[in-house]
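Just so it is clear, the values below take in all heavy atoms, side chains as well, and ignore hydrogens, waters and symmetry mates. Order of appearance sets the numbers: ligands from 1, and atoms from 1 within every ligand.
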Amino acid sequence: MDVEKLFHMTGGAGPSSYAKNSSLQKKAADMVKNITLETLQQLCLEITVKTFCIADLGCSSGSNTLAMIKDIVETVEGTCRKILLSDPQFHVHLNDLSTNDFNSVFKALPDFYRELRKERSGGRPHIYVGGYPGSFYGRLFPNNSLHFIYSSYSLHWLSKVPPALYNEHGDSVNKGNIYISEFSSPRVIKAYFTQFQEDFFTFLRSRSEELVVGGRMVLILLGRKGPDHVDRGNSFFWELLSRSLAMLASQGVIEKEKLDSYEVNFYAPSKEELEEEVRSEGSFKLDQLEMFQIKKEDYGERCGSAVAVTVRAIQESMIRHHFGVGEESIDCLFENYARMVDEEMVKEEIKPLTFILVLRKL
Ligand code: SAH
(Lines give C-alpha, C1' and ligand atoms only; values in the text may rest on other atoms or scores of the structure.)
Protein backbone atom coordinates (compact mmCIF):
# COMPACT_ATOMS: atom_id res chain seq x y z
CA MET A 1 0.00 0.00 0.00
CA ASP A 2 1.45 3.34 -1.02
CA VAL A 3 1.23 5.41 2.15
CA GLU A 4 2.31 8.62 0.45
CA LYS A 5 -0.50 8.38 -2.07
CA LEU A 6 -3.27 6.90 0.04
CA PHE A 7 -2.83 7.79 3.68
CA HIS A 8 -4.68 10.88 4.75
CA MET A 9 -6.83 12.11 7.57
CA THR A 10 -10.46 12.53 6.50
CA GLY A 11 -10.59 16.02 5.01
CA GLY A 12 -13.27 18.73 5.00
CA ALA A 13 -15.43 19.58 7.98
CA GLY A 14 -18.04 16.79 7.84
CA PRO A 15 -19.07 14.63 10.81
CA SER A 16 -16.27 12.08 10.27
CA SER A 17 -13.56 14.58 9.28
CA TYR A 18 -10.27 14.95 11.14
CA ALA A 19 -11.18 18.61 11.69
CA LYS A 20 -14.23 17.56 13.73
CA ASN A 21 -12.56 14.60 15.45
CA SER A 22 -9.17 15.69 16.67
CA SER A 23 -9.95 17.20 20.05
CA LEU A 24 -8.03 14.43 21.86
CA GLN A 25 -4.84 15.34 20.01
CA LYS A 26 -5.48 18.99 20.88
CA LYS A 27 -6.04 18.20 24.55
CA ALA A 28 -2.84 16.19 24.71
CA ALA A 29 -0.73 18.79 22.89
CA ASP A 30 -2.13 21.44 25.25
CA MET A 31 -1.06 19.38 28.27
CA VAL A 32 2.56 19.93 27.27
CA LYS A 33 2.17 23.36 25.68
CA ASN A 34 4.25 24.89 28.45
CA ILE A 35 7.24 22.79 27.33
CA THR A 36 6.76 23.86 23.70
CA LEU A 37 6.47 27.53 24.57
CA GLU A 38 9.33 27.54 27.08
CA THR A 39 11.55 25.99 24.42
CA LEU A 40 10.62 28.85 22.09
CA GLN A 41 11.29 31.48 24.73
CA GLN A 42 14.70 30.01 25.36
CA LEU A 43 15.42 29.98 21.63
CA CYS A 44 14.39 33.64 21.28
CA LEU A 45 16.86 34.59 23.97
CA GLU A 46 19.64 32.83 22.09
CA ILE A 47 19.10 33.98 18.51
CA THR A 48 18.19 37.31 16.97
CA VAL A 49 16.54 37.08 13.59
CA LYS A 50 14.54 39.38 11.33
CA THR A 51 12.40 36.52 10.03
CA PHE A 52 11.52 33.68 12.36
CA CYS A 53 11.07 30.46 10.35
CA ILE A 54 8.80 27.77 11.72
CA ALA A 55 7.62 24.42 10.35
CA ASP A 56 4.74 22.24 11.52
CA LEU A 57 5.27 18.71 10.22
CA GLY A 58 2.14 16.62 9.82
CA CYS A 59 -0.07 19.68 10.27
CA SER A 60 -3.25 17.97 8.99
CA SER A 61 -6.37 20.15 8.62
CA GLY A 62 -8.74 21.63 11.15
CA SER A 63 -8.44 23.94 14.10
CA ASN A 64 -5.38 22.19 15.59
CA THR A 65 -3.27 23.26 12.62
CA LEU A 66 -3.44 27.01 13.17
CA ALA A 67 -4.04 27.03 16.94
CA MET A 68 -0.46 26.11 17.73
CA ILE A 69 0.90 28.54 15.13
CA LYS A 70 -0.96 31.33 16.91
CA ASP A 71 0.58 30.36 20.26
CA ILE A 72 4.03 30.16 18.70
CA VAL A 73 3.74 33.60 17.08
CA GLU A 74 2.49 35.19 20.29
CA THR A 75 5.23 33.62 22.39
CA VAL A 76 7.98 34.74 20.04
CA GLU A 77 6.58 38.28 19.89
CA GLY A 78 6.15 38.43 23.66
CA THR A 79 9.71 37.28 24.30
CA CYS A 80 11.19 39.68 21.75
CA ARG A 81 9.34 42.60 23.35
CA LYS A 82 10.56 41.64 26.79
CA ILE A 83 14.15 41.92 25.65
CA LEU A 84 13.34 45.09 23.71
CA LEU A 85 13.74 43.63 20.25
CA SER A 86 11.37 44.63 17.49
CA ASP A 87 8.82 42.03 16.35
CA PRO A 88 10.23 39.65 13.78
CA GLN A 89 8.41 38.59 10.63
CA PHE A 90 7.21 34.99 10.50
CA HIS A 91 7.56 32.44 7.77
CA VAL A 92 5.34 29.47 8.58
CA HIS A 93 5.81 26.22 6.66
CA LEU A 94 2.86 23.87 6.98
CA ASN A 95 3.78 20.36 5.93
CA ASP A 96 1.81 17.19 5.45
CA LEU A 97 1.50 14.47 2.84
CA SER A 98 0.26 15.76 -0.51
CA THR A 99 -3.05 13.93 0.08
CA ASN A 100 -3.81 16.24 3.04
CA ASP A 101 -6.71 18.67 2.76
CA PHE A 102 -4.53 21.78 2.41
CA ASN A 103 -7.45 23.63 0.80
CA SER A 104 -9.32 23.66 4.11
CA VAL A 105 -6.24 24.99 5.86
CA PHE A 106 -5.82 27.77 3.31
CA LYS A 107 -9.49 28.68 3.47
CA ALA A 108 -9.14 29.17 7.23
CA LEU A 109 -6.30 31.67 6.78
CA PRO A 110 -8.35 34.89 6.31
CA ASP A 111 -10.14 34.26 9.63
CA PHE A 112 -6.83 33.42 11.26
CA TYR A 113 -5.29 36.71 10.08
CA ARG A 114 -8.44 38.60 11.11
CA GLU A 115 -8.22 37.18 14.62
CA LEU A 116 -4.56 38.12 14.94
CA ARG A 117 -5.39 41.64 13.72
CA LYS A 118 -8.28 42.02 16.14
CA GLU A 119 -6.08 41.15 19.10
CA ARG A 120 -3.58 43.75 17.99
CA SER A 121 -6.24 46.41 17.40
CA GLY A 122 -5.78 46.44 13.65
CA GLY A 123 -2.06 45.81 13.36
CA ARG A 124 -1.25 42.41 12.02
CA PRO A 125 2.01 40.53 12.53
CA HIS A 126 3.98 39.99 9.36
CA ILE A 127 3.20 36.36 8.96
CA TYR A 128 3.56 34.43 5.72
CA VAL A 129 2.05 30.97 5.67
CA GLY A 130 2.75 28.38 2.99
CA GLY A 131 1.91 24.73 2.39
CA TYR A 132 4.77 22.29 1.79
CA PRO A 133 3.37 18.93 0.71
CA GLY A 134 5.63 15.89 0.95
CA SER A 135 6.84 13.21 3.30
CA PHE A 136 8.87 14.32 6.28
CA TYR A 137 10.88 11.14 5.82
CA GLY A 138 13.07 13.07 3.40
CA ARG A 139 14.10 16.66 2.68
CA LEU A 140 11.38 19.31 2.59
CA PHE A 141 13.17 22.65 2.98
CA PRO A 142 16.47 24.30 1.95
CA ASN A 143 19.60 24.01 4.12
CA ASN A 144 19.66 26.06 7.33
CA SER A 145 16.30 27.63 6.62
CA LEU A 146 14.38 26.90 9.83
CA HIS A 147 14.62 27.99 13.46
CA PHE A 148 11.88 25.94 15.03
CA ILE A 149 10.19 22.69 14.05
CA TYR A 150 7.04 21.39 15.66
CA SER A 151 5.40 18.05 15.03
CA SER A 152 2.46 16.73 16.99
CA TYR A 153 0.96 13.24 16.76
CA SER A 154 2.57 12.51 13.39
CA LEU A 155 5.86 10.71 13.93
CA HIS A 156 4.37 7.43 15.11
CA TRP A 157 3.29 6.98 11.47
CA LEU A 158 5.90 5.04 9.56
CA SER A 159 6.79 5.91 5.97
CA LYS A 160 5.35 2.57 4.92
CA VAL A 161 4.02 -0.73 6.16
CA PRO A 162 7.28 -2.60 6.90
CA PRO A 163 8.05 -4.67 3.76
CA ALA A 164 9.66 -7.38 5.94
CA LEU A 165 6.17 -8.26 7.18
CA TYR A 166 5.50 -10.04 3.89
CA ASN A 167 7.02 -13.32 2.72
CA GLU A 168 8.17 -14.07 -0.83
CA HIS A 169 4.58 -14.83 -1.88
CA GLY A 170 3.42 -11.46 -0.61
CA ASP A 171 1.59 -12.99 2.38
CA SER A 172 1.78 -11.26 5.73
CA VAL A 173 3.68 -13.11 8.45
CA ASN A 174 1.42 -11.33 10.96
CA LYS A 175 -1.89 -12.87 9.88
CA GLY A 176 -4.80 -12.24 12.19
CA ASN A 177 -3.23 -9.04 13.56
CA ILE A 178 -2.89 -5.58 12.12
CA TYR A 179 -0.05 -4.43 14.41
CA ILE A 180 2.24 -6.07 16.96
CA SER A 181 0.05 -8.18 19.25
CA GLU A 182 0.63 -10.90 21.81
CA PHE A 183 0.39 -13.41 18.95
CA SER A 184 3.03 -11.72 16.81
CA SER A 185 6.35 -13.48 16.21
CA PRO A 186 9.77 -11.88 16.88
CA ARG A 187 10.10 -11.47 13.11
CA VAL A 188 7.08 -9.15 13.15
CA ILE A 189 8.50 -7.06 15.98
CA LYS A 190 11.83 -6.84 14.17
CA ALA A 191 10.13 -5.75 10.95
CA TYR A 192 8.33 -2.88 12.68
CA PHE A 193 11.34 -1.87 14.76
CA THR A 194 13.70 -1.85 11.77
CA GLN A 195 11.29 0.35 9.80
CA PHE A 196 11.06 2.75 12.76
CA GLN A 197 14.86 2.95 13.03
CA GLU A 198 15.25 3.64 9.34
CA ASP A 199 12.47 6.23 9.30
CA PHE A 200 13.38 8.10 12.46
CA PHE A 201 17.03 8.25 11.42
CA THR A 202 16.05 9.68 8.01
CA PHE A 203 13.75 12.16 9.72
CA LEU A 204 16.50 13.40 12.05
CA ARG A 205 19.10 13.57 9.29
CA SER A 206 16.78 15.54 6.99
CA ARG A 207 15.81 18.02 9.71
CA SER A 208 19.42 18.44 10.82
CA GLU A 209 20.21 19.93 7.42
CA GLU A 210 17.20 22.23 7.46
CA LEU A 211 17.58 23.63 10.98
CA VAL A 212 20.11 26.33 11.85
CA VAL A 213 22.65 25.48 14.55
CA GLY A 214 20.93 25.99 17.91
CA GLY A 215 17.49 25.58 16.30
CA ARG A 216 14.96 23.50 18.21
CA MET A 217 12.51 20.70 17.46
CA VAL A 218 9.56 19.80 19.63
CA LEU A 219 8.22 16.36 18.74
CA ILE A 220 5.08 14.87 20.25
CA LEU A 221 4.37 11.24 19.41
CA LEU A 222 2.77 8.10 20.75
CA GLY A 223 5.06 5.56 22.37
CA ARG A 224 5.22 2.73 24.86
CA LYS A 225 6.31 2.39 28.44
CA GLY A 226 9.03 -0.24 28.36
CA PRO A 227 10.56 -3.00 26.28
CA ASP A 228 7.23 -4.86 26.08
CA HIS A 229 5.40 -4.16 22.83
CA VAL A 230 2.04 -5.38 24.01
CA ASP A 231 0.31 -3.34 26.68
CA ARG A 232 -2.94 -1.56 27.43
CA GLY A 233 -1.43 1.55 25.91
CA ASN A 234 -1.20 1.97 22.20
CA SER A 235 -1.01 -1.60 20.92
CA PHE A 236 -4.33 -2.49 22.53
CA PHE A 237 -6.26 0.02 20.42
CA TRP A 238 -5.01 -1.80 17.31
CA GLU A 239 -5.89 -5.13 18.86
CA LEU A 240 -9.48 -3.95 19.24
CA LEU A 241 -9.61 -2.61 15.68
CA SER A 242 -8.28 -5.96 14.52
CA ARG A 243 -11.08 -7.73 16.42
CA SER A 244 -13.69 -5.39 14.91
CA LEU A 245 -12.37 -6.10 11.43
CA ALA A 246 -12.49 -9.84 12.18
CA MET A 247 -16.18 -9.45 13.04
CA LEU A 248 -16.81 -7.90 9.61
CA ALA A 249 -14.87 -10.74 8.00
CA SER A 250 -16.93 -13.36 9.82
CA GLN A 251 -20.10 -11.65 8.54
CA GLY A 252 -18.69 -11.79 5.01
CA VAL A 253 -18.59 -7.99 4.69
CA ILE A 254 -14.85 -8.00 4.06
CA GLU A 255 -12.67 -10.76 2.63
CA LYS A 256 -10.66 -12.81 5.10
CA GLU A 257 -7.60 -12.76 2.77
CA LYS A 258 -7.70 -8.99 2.73
CA LEU A 259 -7.78 -8.91 6.51
CA ASP A 260 -4.79 -11.26 6.63
CA SER A 261 -2.72 -8.86 4.59
CA TYR A 262 -3.78 -5.65 6.37
CA GLU A 263 -1.10 -4.06 8.55
CA VAL A 264 -0.76 -0.52 9.85
CA ASN A 265 2.13 1.86 9.15
CA PHE A 266 2.45 2.66 12.83
CA TYR A 267 5.08 2.14 15.52
CA ALA A 268 5.09 3.09 19.20
CA PRO A 269 8.76 3.41 20.21
CA SER A 270 10.07 3.24 23.77
CA LYS A 271 12.04 6.02 25.43
CA GLU A 272 15.26 4.02 25.01
CA GLU A 273 14.64 3.44 21.31
CA LEU A 274 14.10 7.17 20.72
CA GLU A 275 17.20 8.09 22.72
CA GLU A 276 19.30 5.55 20.86
CA GLU A 277 18.24 6.90 17.44
CA VAL A 278 19.01 10.49 18.48
CA ARG A 279 22.40 9.38 19.76
CA SER A 280 23.30 7.32 16.71
CA GLU A 281 22.22 10.03 14.23
CA GLY A 282 24.37 12.50 16.13
CA SER A 283 23.16 15.96 14.96
CA PHE A 284 20.95 16.76 17.94
CA LYS A 285 21.18 17.05 21.68
CA LEU A 286 18.13 15.70 23.47
CA ASP A 287 17.33 18.54 25.88
CA GLN A 288 14.19 16.97 27.28
CA LEU A 289 12.09 13.81 26.98
CA GLU A 290 8.90 13.53 29.00
CA MET A 291 6.14 10.97 29.03
CA PHE A 292 2.48 11.75 29.65
CA GLN A 293 -0.95 10.17 29.38
CA ILE A 294 -4.41 11.53 28.80
CA LYS A 295 -6.92 10.26 31.30
CA LYS A 296 -10.31 8.66 30.89
CA GLU A 297 -12.02 11.93 31.90
CA ASP A 298 -10.39 13.65 28.93
CA TYR A 299 -12.43 11.50 26.56
CA GLY A 300 -15.67 12.90 27.92
CA GLU A 301 -18.69 10.81 28.84
CA ARG A 302 -18.83 8.57 25.80
CA CYS A 303 -15.32 7.24 25.88
CA GLY A 304 -15.68 4.44 23.29
CA SER A 305 -17.28 6.78 20.76
CA ALA A 306 -14.64 9.44 21.36
CA VAL A 307 -11.87 6.95 20.64
CA ALA A 308 -13.76 5.47 17.67
CA VAL A 309 -14.33 8.80 15.89
CA THR A 310 -10.68 9.74 16.42
CA VAL A 311 -9.38 6.44 15.02
CA ARG A 312 -11.89 6.56 12.18
CA ALA A 313 -10.75 10.01 11.00
CA ILE A 314 -7.22 8.62 10.90
CA GLN A 315 -7.76 5.14 9.45
CA GLU A 316 -10.77 5.47 7.15
CA SER A 317 -8.76 6.29 4.00
CA MET A 318 -6.58 3.20 4.37
CA ILE A 319 -9.40 0.81 5.34
CA ARG A 320 -11.65 1.95 2.50
CA HIS A 321 -8.89 1.52 -0.02
CA HIS A 322 -7.65 -1.84 1.25
CA PHE A 323 -11.00 -3.53 1.78
CA GLY A 324 -12.95 -1.66 -0.89
CA VAL A 325 -15.83 -1.05 1.51
CA GLY A 326 -18.31 1.82 1.69
CA GLU A 327 -19.75 4.10 4.33
CA GLU A 328 -22.16 1.56 5.79
CA SER A 329 -19.49 -1.03 6.56
CA ILE A 330 -17.22 1.62 8.02
CA ASP A 331 -20.08 2.81 10.26
CA CYS A 332 -20.61 -0.76 11.42
CA LEU A 333 -16.89 -1.34 11.98
CA PHE A 334 -16.54 1.69 14.21
CA GLU A 335 -19.77 1.06 16.10
CA ASN A 336 -18.39 -2.34 17.09
CA TYR A 337 -15.07 -0.76 17.88
CA ALA A 338 -16.62 1.90 20.14
CA ARG A 339 -18.51 -0.79 22.01
CA MET A 340 -15.38 -2.88 22.52
CA VAL A 341 -13.43 0.12 23.81
CA ASP A 342 -16.19 0.82 26.33
CA GLU A 343 -16.30 -2.82 27.44
CA GLU A 344 -12.55 -2.89 27.94
CA MET A 345 -12.46 0.45 29.74
CA VAL A 346 -14.85 -0.93 32.34
CA LYS A 347 -12.42 -3.78 33.03
CA GLU A 348 -9.29 -1.66 33.09
CA GLU A 349 -8.40 1.71 31.66
CA ILE A 350 -6.60 1.78 28.30
CA LYS A 351 -4.35 4.80 28.28
CA PRO A 352 -2.31 5.82 25.28
CA LEU A 353 1.13 7.02 26.22
CA THR A 354 2.73 10.04 24.59
CA PHE A 355 6.29 11.36 24.50
CA ILE A 356 7.42 14.91 24.05
CA LEU A 357 11.00 15.43 22.92
CA VAL A 358 12.88 18.69 22.80
CA LEU A 359 15.90 18.53 20.49
CA ARG A 360 18.59 21.12 19.86
CA LYS A 361 20.56 21.16 16.61
CA LEU A 362 24.27 20.88 17.39
N1 SAH B 1 -0.53 17.76 14.02
C2 SAH B 1 -1.96 17.54 13.90
C3 SAH B 1 -2.28 16.32 13.06
C4 SAH B 1 -1.90 14.98 13.59
S5 SAH B 1 -2.52 13.68 12.57
C6 SAH B 1 -2.58 17.45 15.27
O7 SAH B 1 -1.85 17.43 16.26
O8 SAH B 1 -3.81 17.38 15.37
C9 SAH B 1 -1.05 13.09 11.81
C10 SAH B 1 -0.71 13.80 10.53
O11 SAH B 1 0.58 13.37 10.11
C12 SAH B 1 -1.65 13.45 9.38
O13 SAH B 1 -2.20 14.60 8.82
C14 SAH B 1 -0.78 12.69 8.41
O15 SAH B 1 -1.14 12.88 7.06
C16 SAH B 1 0.58 13.27 8.72
N17 SAH B 1 1.67 12.42 8.29
C18 SAH B 1 1.83 11.10 8.50
N19 SAH B 1 2.96 10.66 7.92
C20 SAH B 1 3.54 11.74 7.32
C21 SAH B 1 4.72 11.92 6.55
N22 SAH B 1 5.52 10.92 6.29
N23 SAH B 1 5.01 13.16 6.10
C24 SAH B 1 4.20 14.21 6.37
N25 SAH B 1 3.04 14.09 7.10
C26 SAH B 1 2.72 12.86 7.56
Side-chain angles (χ1 to χ4, degrees), residues 1-13 16-33 35-36 54-72 92-105 108 131-141 148-162 195-196 198-207 210 217-222 234 237 264-269 292 294 298 306 309-318 321 352 354-357:
M1 212 170 344
D2 189 340
V3 168
E4 257 186 74
K5 290 212 183 107
L6 296 169
F7 185 53
H8 61 87
M9 307 296 104
T10 306
S16 55
S17 64
Y18 186 80
K20 285 265 156 50
N21 297 293
S22 47
S23 60
L24 287 178
Q25 288 89 331
K26 168 98 171 80
K27 240 175 225 165
D30 280 351
M31 278 170 74
V32 286
K33 199 155 85 177
I35 297 182
T36 307
I54 305 159
D56 182 355
L57 308 183
C59 63
S60 198
S61 59
S63 56
N64 293 8
T65 307
L66 295 172
M68 190 45 94
I69 299 301
K70 181 164 179 279
D71 288 328
I72 290 175
V92 179
H93 308 68
L94 298 178
N95 156 261
D96 206 292
L97 294 170
S98 52
T99 44
N100 182 52
D101 185 4
F102 278 105
N103 277 341
S104 293
V105 179
Y132 292 77
S135 171
F136 49 54
Y137 295 120
R139 287 292 300 272
L140 292 166
F141 312 108
F148 183 75
I149 293 175
Y150 180 73
S151 178
S152 177
Y153 285 95
S154 305
L155 271 160
H156 40 251
W157 296 110
L158 298 173
S159 66
K160 50 177 168 287
V161 172
Q195 190 62 51
F196 157 77
E198 195 183 292
D199 283 345
F200 200 58
F201 187 95
T202 309
F203 175 84
L204 293 174
R205 185 49 57 87
S206 309
R207 301 299 80 76
E210 296 163 355
M217 277 208 287
V218 171
L219 310 178
I220 298 172
L221 71 154
L222 292 168
N234 296 304
F237 287 103
V264 287
N265 60 313
F266 171 90
Y267 185 74
F292 64 100
I294 56 170
D298 295 322
V309 293
T310 308
V311 175
R312 178 175 179 159
I314 294 166
Q315 273 291 294
E316 184 162 350
S317 66
M318 298 299 258
H321 173 80
T354 304
F355 288 118
I356 177 166
L357 286 77

Practice item. Say whether, by atom type as modelled, one donor and one acceptor occur between the side chain of Thr65 and the main chain of Ser60 under 3.5 angstrom. Key: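 Yes.
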Review point. Distance-only, no hydrogens or angles: does the Asp199 side chain make a donor-acceptor pair with backbone N or O of Ser159 under 3.5 Å?
Key: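 Yes; at least one donor-acceptor contact below 3.5 Å.
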Ligand 1 contact on [X] by region, counting heavy-atom pairs under 4.0 Å:
X	value
Ala29	neither
Leu57	neither
Leu97	both

Exercise for review: Fit a plane to each ring of Trp157 and Phe266, take the angle between them on a 0 to 90° scale, and name the class: parallel (under 30°), tilted (30 to 60°) or perpendicular (over 60°).
Suggested key: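 It falls in the perpendicular class, over 60°.
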Exercise for review: May I ask you to decide if the ring planes of Phe136 and Phe203 are parallel, tilted or perpendicular, using 30° and 60° as cut-offs?
Suggested key: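 Taking Phe203 first and then Phe136, their aromatic rings stand perpendicular (interplane angle over 60°).
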Should you measure from each heavy atom of [X], which atoms of ligand 1 turn up under 4.0 Å away?
X	result
Tyr153	4 (C), 5 (S), 9 (C)
Gly134	23 (N), 24 (C)
Tyr137	22 (N)
Phe7	18 (C)
Cys59	2 (C)

What protein heavy atom sits nearest [atom], and how far away is it?
atom	value
atom 10 (C) of ligand 1	Ser154 OG, 3.5 Å
atom 22 (N) of ligand 1	Ser135 OG, 3.1 Å
atom 5 (S) of ligand 1	Tyr18 OH, 3.4 Å

Point to revise | ligand 1 contacted by His8 (non-hydrogen, < 4.0 Å) | key: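 So His8 does not count as touching ligand 1.
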Review point. Out of curiosity, is Ser61 lining ligand 1, as in a heavy atom under 4.0 Å away?
Key: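 Checking ligand 1 against Ser61, which is what was asked, there is no heavy-atom contact under 4.0 Å.
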Any nitrogen or oxygen of [X], side chain or backbone, less than 3.5 Å from one on ligand 1?
X	value
Ser152	yes
Gly58	yes
Asn64	yes
Asp96	yes

How close do [X] and [Y] get, counting heavy atoms only, and between which atoms?
X	Y	result
Gly12	Ser17	O-CB, 3.4 Å
Thr354	Tyr153	OG1-OH, 2.8 Å
Glu210	Phe141	OE2-N, 3.1 Å
Pro269	Phe355	O-CE1, 3.3 Å
Phe292	Ala28	CE1-O, 3.4 Å
Leu158	Val3	O-CG1, 4.3 Å

Practice item. Compare Phe203, Trp157, Phe136 and give the one whose heavy atom is closest to atom 20 (C) of ligand 1. Key: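 When every heavy atom of Phe203, Trp157, Phe136 is considered, Phe136 comes closest to atom 20 (C) of ligand 1.
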Review point. After noting the C-alpha distance and the side-chain angles of Arg207 and Leu57, does the key distance pass the side-chain contact (heavy atoms from CB on, under 4.5 Å) rule?
Key: CA-CA 11 Å; Arg207 301 299 80 76; Leu57 308 183; 3.5 Å; yes
